[in-house]
Q: 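To start, I am sharing the structure in question, which I have written as structure tokens.
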Amino acid sequence: MNQGKLCLSVGAAVISADEVVAEPCQILIRDGRIEAVWRGGTTPAQIPVEYVRVQRPRAVAIPGLVNCHGHAAMTLLRGAGDDLPLQRWLEERIFPLEARLTGEAVYWGTLLACWEMIRSGTTCFTDMYMWMDDAARAVAESGLRGVLSWGIAASDPAGIDRAVATSRAFADRWHRAADGRITVTLGPHAPYTCSPECLRRVAELSAELNLPIQIHLSETWREVEECRAQFGRSPIAHALATGLLERPVLAAHCVHVDDDDIRILREKDVRVAHNPQSNLKLASGVAPVPKLLAEGVTVGLGTDGAASNNNLDMFEELRLAATLHKGVSGDATAVPAADALAMATSAGARAVFLPPGHGTLQPGAAADLVLLDLDSPHLTPGDNLVSDIVYAAGADDVTDVYVAGRCLLSNRELTTLDAERIRYEVRRIRQAMGAPGGA
Ligand SMILES: [Zn+2]
């Protein structure tokens, strides 16, 4: 149901992290964009008759959440390798299972991720994985917005040529597809899985196709040490030296960064995806987010894959981003609620290279929005909506989700996906994959 003209009557609206309408209002949506937000009640005469009306007087509308880093089909590996450090987790559990993935598996795993994200209020997500045509097909069917990369891990000339050709073909097929909801980016996995020549070639391709890049940088201390030993510089200085940072780059993690790294991130306008839960679970550390924000670096929030989180619930990341940095710094003013909400919405949209206006409910912005049940006990009395959303709300409060004005969740019911079928297929596929060490 793609409604051209829609009028959403809600009890309140968070236009952006800095602007709240704490009274009933009418959100007019036209051709996938927010047309206007009218404050106060309304009479039929005020709203043109051709607008389809949706009454949600007990809901607060917020901009859809933007998940800035993840590997969607890793939902298939949820719970497959807990309580291990990153390198053992990858080598002993994740890589053996990933070797058994097929296009069909990635399709159903991505659909599961889409279901989970729609249910928890995410309207746009970032994905870096394999079998990406199948992932893109799932995104197209789900109605979500996706920023998709075919993961690149290559060091020898033939491998680099192959990876570049794969990404180029993927971009040809999917960039701006699904009514413009899909953005293709280039996805060199990390400096420790891509040679300097590979990073250089990716930068070249990025310039040629005018596509942004996403990469993991400085996730663990071990990565930084090994990069310094091998190249005599930090992963971020290394990315700079290869020319990668001359292009628009979204860097996931940036946990172990020093002042020189932060200066480079700022000067090159590198966007950072902060993944607090994944970094905690893999014991990678805590990114210096207050410092990054103070330096003016654009920071968005991400869940990372479901095997290292283990869910795709952005409300958890939101709350963790707003509390974790207070705990580690001893400063209760660190990452205030509005900053955290901006990271999950407007700054997140900027971080994943969406056009200006995304991640807000301002007129002209894409109509990507989420309704939360204002009657939930933990959202009562509801006097400070930004605080409530960051410190009290949860995925279960999400009742309705719209992307580009199209309803993907209506009164907690999926409108684009068949949940029963997804659950069945994912269980079947996961069972056939076997245990990490098994046959
Ligand atoms: Zn990742």
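No hydrogens, no waters, no symmetry mates; every other heavy atom, side chains included, goes into these values. Every number for a ligand or one of its atoms is a count from 1 in the order of the listing.
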Q: With a 4.0 Å cut-off on N to O distance, would you call Glu116 and Arg119 a salt bridge?
A: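 The answer is no: the pair does not qualify as a salt bridge.
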
Q: What N, O or S atom of Asp304 is found closest to the Zn ion (ligand 1)?
A: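 It is OD1, the N, O or S atom of Asp304 closest to the Zn ion (ligand 1).
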
Q: Which single N/O/S atom of His71 lies at minimum distance from the Zn ion (ligand 1)?
A: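 It is NE2, the N, O or S atom of His71 closest to the Zn ion (ligand 1).
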
Q: Students often mix this up, so state it plainly: with edges at 30° and 60°, are the rings of His189 and Tyr192 parallel, tilted or perpendicular?
A: perpendicular

Q: Within 2.8 Å of the Zn ion (ligand 1), is there any N, O or S atom belonging to His69?
A: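 Checking the Zn ion (ligand 1) against His69, an N, O or S atom does fall under 2.8 Å.
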
Q: Not counting sequence neighbours, which residues clear salt bridge (Lys or Arg N to Asp or Glu O under 4.0 Å) with Glu225? List them please.
A: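 Expected list: none.
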
Q: Does Arg271 come within less than 4.0 Å of Asp269, counting only side-chain N to carboxylate O?
A: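 Judged by the 4.0 Å cut-off on N to carboxylate O distance, Arg271 and Asp269 do form a salt bridge.
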
